[in-house]
Engineer: 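Handing you a structure now.
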Amino acid sequence: MESIERDVVVAGGGPAGMIAGYLYARAGLRVTVLEKHADFLRDFRGDTIHPSTITLLGELGLRERFLALPLNRVDTMDVVVDGRRISLVDFSTLPPPDDFLVFAPQWDFLTFLATEAAAIPGFELRMSTRADSLIEEAGRIAGVHATGPDGAVDVRARLTVAADGRDSAIRDAAGLVPRADGVPIDVLWFGLPKPPHPPPATLGYIDRRALVLTIERGDRYQSGMVIPKGGYDVLRARGLGALREAITATAPVLGPVVDSLTEWDQVRLLTVQLNRLTTWWRDGLICIGDSAHAMSPVMGVGINYAIQDAVALVNATAAPLRSGRVPSSVLAAVQRRRSRPVERMQRIQRIAHERLARPASGSGRPAIPAAARIALKFLSPIVRRATARLVGRGFLPEHIDPEQVTHGE
């Protein structure tokens with residue numbers, strides 16, 4: 001069995017794990033990131049890169065190289081409600097230059113980070129390597145037992161970071177159990193080509209029947225439809241034709257392309273979760289991103305909050321790691337800092353779930369009452385500025401601490 005020693009081991013090569021690995025290496029530390037898959041090509045992972053993340057890339061000198069990738073810049077987020085187009089978010093009201101949002105396939109973003117990190121001494125990415133369980137010594141976490149292409153490997157480290165998603169094996173092995181909130185919706189994800197004459201970029205279409213998402217991805221949409229929690233089997237029993245009819249009833253613009261859905265294998269069910277840990281850490285270990293708090297797809301902020309966790313963690317722990325172990329008090333402080341913005345955003349998401357559940361249930365009421373439409377008309381400039389900050393920056397956006405993260409350069 002192979003055994004290696006590192007300053008940090010990160011379980012999970014998603015956005016939180018890759019950013020953490022990159023930053024720890026930039027801080028002059030030895031870090032290994034373990035990713036259980038052989039590549040990053042997972043369908044229907046989040047594509048949203050928020051302005052605050054672009055700002056972080058700029059602070060690292062990566063902004064322009066990232067923006068040179070194939071991606072879609074979005075200045076506003078429009079929705080069509082009961083046939084009326086409404087601009088809910090105007091990112092151009094944010095301070096330049098990061099006054100836009102980007103849709104980029106997550107596999108491109110992760111490959112970009114992996115390529116940049118590979119050039120830094122001390123960084124190691126092991127693909128096809130699954131973190132299975134924890135190495136524990138005298139009540140302290142001292143690394144992970146993993147399985148790679150050549151068999152078992154022990155990665156011993158002074159800090160273990162669980163970034164292996166909402167079904168985190170490392171979190172479970174640590175005995176940390178998230179507290180779940182009831183969520184009344186799920187989402188069906190599917191890809192669609194753009195129609196011959198596509199409308200302006202539109203996040204989604206909503207009426208009294210349903211909410212249909214149309215996220216920009218080049219000449220295609222990453223599309224979705226909100227359904228009642230547990231409603232997938234009922235919808236599937238009605239047949240694929242019924243799904244196509246439901247999509248076009250709410251989003252007529254998709255009528256010319258919806259026939260490209262020819263089999264159920266093209267449709268994926270996302271079981272929406274909203275949860276968070278009461279305690280994110282144990283001595284020698286901390287959970288971040290979805291391992292600590294599963295966010296819902298509402299506003300697409302999950303990637304942003306996971307990356308913010310990683311930045312806050314490295315800012316706080318790089319110096320202690322260079323001199324020895326990370327005290328549990330430092331890990332607790334990271335949780336206190338990051339749990340506040342997470343809880344505030346999850347509170348907003350819970351409210352949105354209740355609102356979204358109404359069209360998902362087929363309610364006969366308009367999606368937005370007449371009085372609310374009138375209010376939006378007069379308040380829309382204020383609303384768009386406020387939502388740009390809420391969505392684009394989030395609560396407590398983090399910044400790179402140059403004294404920590406550039407230590408190894």
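FYI, the numbering just counts along the sequence from 1.
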Engineer: Drop me the distance from I54's CD1 to I49's CD1, to the nearest 0.5 angstrom.
Structural biologist: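 With rounding to 0.5 Å, CD1 (I54) is 7.5 Å from CD1 (I49).
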Engineer: Is the backbone N or O of D164 less than 3.5 Å from a side-chain atom of S291, with the two atoms forming a donor-acceptor pair by type?
Structural biologist: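 Such a contact is found between S291 side chain and D164 backbone.
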Engineer: So that I can tick it off, tell me whether E216 and R73 are bridged by a salt bridge, with the cut-off set at under 4.0 angstrom between side-chain N and carboxylate O.
Structural biologist: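 No.
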Engineer: Does the pair L23 and I400 meet the rule for a side-chain contact (heavy atoms from CB on, under 4.5 Å), with working shown?
Structural biologist: CA-CA 9 Å; L23 293 178; I400 304 298; 4.0 Å; yes
Engineer: What distance separates F40 CZ from L113 CG, expressed to the nearest 0.5 Å?
Structural biologist: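 Separation between the atoms: 8.5 Å.
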Engineer: Check whether the side chains of Q266 and T262 place a donor and an acceptor atom closer than 3.5 Å, and report yes or no.
Structural biologist: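 Distance-only check passes for Q266 and T262.
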Engineer: Tell me yes or no: between the side chains of R282 and S328, is some donor less than 3.5 Å from an acceptor?
Structural biologist: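 No.
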Engineer: Decide yes or no for L243 and L235: does some side-chain heavy atom of the first lie under 4.5 Å from some side-chain heavy atom of the second?
Structural biologist: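 SC-SC contact between L243 and L235 confirmed.
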Engineer: For R238, is the CZ atom crowded, meaning more than 12 foreign heavy atoms sit under 6.0 Å from it?
Structural biologist: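 No.
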Engineer: Please tabulate, for side-chain N and O atoms in residues 296-304, each donor-acceptor pair with protein atoms closer than 3.5 Å (sequence neighbours left out).
Structural biologist:
from : atom 1 : to   : atom 2 : distance (Å)
S296 : OG     : V298 : N      : 3.0
S296 : OG     : H353 : NE2    : 2.9
N304 : OD1    : S52  : OG     : 2.7
N304 : OD1    : T53  : OG1    : 3.2
N304 : OD1    : Q308 : NE2    : 3.1
N304 : ND2    : S52  : OG     : 3.2

Engineer: Assess whether atom CZ of R393 is packed by more than 12 heavy atoms of other residues, nucleotides or ligands within 6.0 Å.
Structural biologist: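 Buried by this count: over 12 neighbours within 6.0 Å.
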Engineer: Are L211 and Y205 side-chain neighbours, meaning at least one heavy-atom pair lies under 4.5 Å?
Structural biologist: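 Sidechains of Y205 and L211: no contact.
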Engineer: Does F395 offer a backbone N or O that forms a donor-acceptor pair with the side chain of Y305 under 3.5 Å?
Structural biologist: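 Checking the backbone N and O of F395 against the side chain of Y305, a donor-acceptor pair under 3.5 Å is found.
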Engineer: So do L331 and W280 actually touch side chain to side chain, heavy atoms under 4.5 Å?
Structural biologist: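 Sidechains of L331 and W280: no contact.
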Engineer: Is a side-chain N or O of Q222 found less than 3.5 angstrom from the main chain of F190, in a donor-acceptor match?
Structural biologist: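 Answer holds: no.
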Engineer: For E5, is the CD atom crowded, meaning more than 12 foreign heavy atoms sit under 6.0 Å from it?
Structural biologist: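 Atom CD in E5 is not crowded, with 12 or fewer foreign heavy atoms closer than 6.0 Å.
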Engineer: Once rounded to the nearest 0.5 Å, what's the spacing between atom CD1 of I120 and atom CG of L29?
Structural biologist: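 The CG atom of L29 is 11.5 Å from CD1 of I120, to the nearest 0.5 Å.
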Engineer: Hey, does the side chain of R30 reach the backbone of E124 with a donor-acceptor pair shorter than 3.5 angstrom?
Structural biologist: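 Judged by distance alone, no pair lies under 3.5 Å.
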Engineer: How long is the gap from CD1 on I86 to OG1 on T202, to the nearest 0.5 Å?
Structural biologist: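 Between I86 CD1 and T202 OG1, I get 12.0 Å after rounding to 0.5 Å.
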Engineer: Tell me yes or no: between the side chains of T76 and D90, is some donor less than 3.5 Å from an acceptor?
Structural biologist: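 Their side chains do not contain a donor-acceptor pair, so the 3.5 Å distance test is not met.
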Engineer: Taking atom types as modelled and ignoring hydrogens, do the side chains of D132 and T147 form a donor-acceptor contact shorter than 3.5 angstrom?
Structural biologist: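 Yes.
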Engineer: Should E35 and R130 count as an ion pair when the cut-off is N to O under 4.0 Å?
Structural biologist: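 Result for this pair is no, no salt bridge flagged.
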Engineer: Mind running side-chain contact (heavy atoms from CB on, under 4.5 Å) on L274 and R350 for me, showing each step along the way?
Structural biologist: CA-CA 8 Å; L274 193 66; R350 284 195 297 271; 3.3 Å; yes
Engineer: Sorted by first residue and then second, give each salt bridge (Lys or Arg N to Asp or Glu O under 4.0 Å) pair with at least one member in residues 91-117; sequence neighbours left out.
Structural biologist: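 Those involving residues 91-117 are R63-D98, R65-E116.
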Engineer: Is the backbone N or O of R340 less than 3.5 Å from a side-chain atom of R344, with the two atoms forming a donor-acceptor pair by type?
Structural biologist: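 Not at all, since once roles are kept as given, no pair shorter than 3.5 Å links the two residues.
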Engineer: Looking only at non-hydrogen atoms, find the nearest pair between P198 and Y221 and report the distance.
Structural biologist: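 Closest approach of P198 to Y221: CB-OH, 3.9 Å.
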Engineer: Report yes if the side chains of P178 and R171 come closer than 4.5 Å at any heavy-atom pair, otherwise no.
Structural biologist: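 The answer is yes, as the side chains (C-beta and beyond) meet within the 4.5 Å cut-off.
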Engineer: Return all side-chain donor-acceptor pairs below 3.5 angstrom for residues 310-317, not counting sequence neighbours, or 'none' if the list is empty.
Structural biologist:
from : atom 1 : to   : atom 2 : distance (Å)
N315 : OD1    : D401 : N      : 3.0
N315 : ND2    : V311 : O      : 3.4
N315 : ND2    : H399 : O      : 2.8
T317 : OG1    : Y24  : OH     : 2.7
T317 : OG1    : L313 : O      : 2.7

Engineer: How long is the gap from CG on D283 to CZ on R140, to the nearest 0.5 Å?
Structural biologist: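 Those atoms lie 5.0 Å apart.
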Engineer: Got a donor-acceptor contact below 3.5 angstrom from the N275 side chain to the A294 backbone?
Structural biologist: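 Flag set: sc N275 to bb A294 pair under 3.5 Å.
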Engineer: Has T250 got a side-chain atom pairing as donor or acceptor with I247's backbone, closer than 3.5 angstrom?
Structural biologist: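 Here the side-chain-to-backbone pair does not exist.
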Engineer: Verify, without hydrogens or angle tests, whether R26 (side chain) and L60 (backbone) share a donor-acceptor contact under 3.5 angstrom.
Structural biologist: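 Looks like yes, one N/O pair under 3.5 Å.
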Engineer: Do K194 and D219 sit within salt-bridge range, that is, some charged N less than 4.0 Å from a carboxylate O?
Structural biologist: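 Between D219 and K194 there is no salt bridge, as every charged N stays at least 4.0 Å from the carboxylate O atoms.
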Engineer: Is a donor on one side and an acceptor on the other found under 3.5 Å between the side chain of K36 and the backbone of G148?
Structural biologist: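 Pair absent, no side-chain N/O of K36 close to backbone of G148.
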Engineer: Check whether the side chains of D154 and H145 place a donor and an acceptor atom closer than 3.5 Å, and report yes or no.
Structural biologist: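 Side chains of D154 and H145: pair found under 3.5 Å.
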Engineer: Keeping the roles fixed (side chain from R179, backbone from T278), state whether a donor-acceptor pair exists under 3.5 Å.
Structural biologist: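 No.
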Engineer: Would E2 and R126 pass as an ion pair if we require N to O under 4.0 Å?
Structural biologist: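 The answer is yes: the pair qualifies as a salt bridge.
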